[in-house]
Amino acid sequence: MAESELPFAAKYAKHNSYTCRAHDCWGGTVYKDDLCMSVTAQYPLGGVGPNWYHFDCFWKVVEGEVKSTDDIANFDDLRLDDQEKIRGCISTGGTTKNKVTFLRAFNVEYARSNRSSCRVCCKKIDKDKVRVGFNWYGITPGGEPCSNVLWYHPDCFLVPGVLAEVGWKDAYSVEMILGFEQLQPKDRKTLTEKFQAKQKAKESVGEPDATKSPKESTRKKKSSSKRKAKKSIDEPNAKKTKAVDEEKE
């Protein structure tokens, strides 16, 4: 049965020209050979056709609307393991096995031009190179809310001071960054290895959690230093007082 005759469809992308229509996917590319799924929709200028999504994005969009594999065009053409994966999602109301909580304060993508600059090294980020973004929000002098995306080279983003500045927590993982699944496999692997290496290096030197601000850490160090200094002063005084009391006796 044709894709337009059923409410949903599934297939393997034949090229890199599909664009995911999910709102929180930032128009990410569906790459060649990736399993993708679609919803048959009415086009604004007339006619019907498929709106394509990444596999995980699809289940967030349909929110349990898929009741049977009979509603999915091309289902029988899929590999058996992917058929089972879809059946599992239907049985759980659309929950994918690899479901994660996305960090909406961060995103990763391929630079759309060479006009953006890294916030750390101040060098241009070349077009089509991976860049990591932090969604910054603030207030103008006039009291109006404002926002901007601060871009970084992946290596520059992983500098300890930057991680603390943007509030990156040890509980976070690179897979939770918006846009990660839309990167090509080799770039996902490289980025994962960089983040894992950073975490291991941090654990080996006992680097503090980025959830603690630099100011907080400084205050604690100063407080500790003051306590040690006070103790060193009080000890001689205590001994002197004890000696005087013994002489009186």
Neighbour count >12 (heavy atoms, 6.0 Å) for atom CZ, Arg119 = no
Test your reading of the model: is there a side-chain donor-acceptor pair from [X] to the backbone of [Y], 3.5 Å cut-off?
| X | Y | value |
| --- | --- | --- |
| Lys124 | Arg115 | yes |
| Gln83 | Leu78 | yes |
| Thr40 | Leu6 | yes |

Is the closest basic N to carboxylate O distance between Asp77 and Lys11 below 4.0 Å?
->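 Looking at Asp77 and Lys11, the cut-off is not met.
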Taking only Lys NZ, Arg NE, NH1 and NH2, and the carboxylate oxygens of Asp or Glu, determine whether Lys85 and Asp82 approach each other closer than 4.0 Å.
->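 Salt bridge: yes.
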Atom [atom1] of [X] and atom [atom2] of [Y]: how far apart are they, to the nearest 0.5 Å?
| X | Y | atom1 | atom2 | result |
| --- | --- | --- | --- | --- |
| Leu158 | Leu163 | CG | CG | 6.0 Å |
| Leu150 | Ser117 | CG | OG | 12.0 Å |
| Phe55 | Cys89 | CZ | SG | 4.0 Å |
| His15 | Asp33 | NE2 | CG | 11.0 Å |
| Asn148 | Phe134 | CG | CZ | 11.0 Å |
| Tyr152 | Cys118 | OH | SG | 8.0 Å |

Please name all residues satisfying side-chain hydrogen bond (donor to acceptor under 3.5 Å, both in side chains) with Asp187, sequence neighbours left out, ordered by chain then number.
->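 Once residues adjacent in sequence are excluded, the partners of Asp187 under the side-chain hydrogen bond (donor to acceptor under 3.5 Å, both in side chains) criterion are Tyr110.
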Taking the side chain as every heavy atom from C-beta outward, state whether [X] and [Y] have any pair of such atoms under 4.5 Å apart.
| X | Y | answer |
| --- | --- | --- |
| Phe180 | Arg188 | yes |
| Met37 | Ile72 | yes |
| Lys198 | Pro160 | yes |
| Asn107 | Val149 | yes |
| Trp151 | Phe157 | no |
| Tyr12 | Arg79 | yes |

Over all atoms of both residues, closest heavy-atom pair of [X] and [Y]:
| X | Y | answer |
| --- | --- | --- |
| Lys127 | Arg112 | CE-O, 3.6 Å |
| Val30 | Ala13 | CG1-CB, 4.0 Å |
| Asp126 | Asn114 | CA-CB, 4.4 Å |
| Cys36 | Tyr53 | CB-O, 3.3 Å |
| Ala111 | Ile125 | CB-CG2, 4.0 Å |

Could you go step by step and tell me if Ser116 and Arg131 meet the side-chain contact (heavy atoms from CB on, under 4.5 Å) rule?
-> CA-CA 9 Å; Ser116 61; Arg131 62 181 181 179; 3.0 Å; yes
Using the side-chain contact (heavy atoms from CB on, under 4.5 Å) rule, take His153 and Val120 through it: C-alpha gap first, then chi angles, then the decisive distance, then the call.
-> CA-CA 8 Å; His153 292 109; Val120 175; over 6 Å; no
Is the Phe106-Trp168 ring centre distance short of 6.0 angstrom?
-> yes
Check step by step if side-chain hydrogen bond (donor to acceptor under 3.5 Å, both in side chains) holds for Gln182 and His54.
-> CA-CA 8 Å; Gln182 284 70 66; His54 295 101; 3.2 Å; yes
What do the steps show when you test Glu65 against Phe8 for side-chain contact (heavy atoms from CB on, under 4.5 Å), and what is the final call?
-> CA-CA 10 Å; Glu65 293 180 15; Phe8 312 105; 4.3 Å; yes
Step by step, work out the side-chain contact (heavy atoms from CB on, under 4.5 Å) result for Glu84 and Arg87.
-> CA-CA 5 Å; Glu84 286 304 311; Arg87 289 193 181 98; 2.7 Å; yes
Sequence-distant partners of Lys189, salt bridge (Lys or Arg N to Asp or Glu O under 4.0 Å), two or more places apart = none
side-chain contact (heavy atoms from CB on, under 4.5 Å) partner of Val66, the single match among Ile86, Val39, Ile90 = Ile90
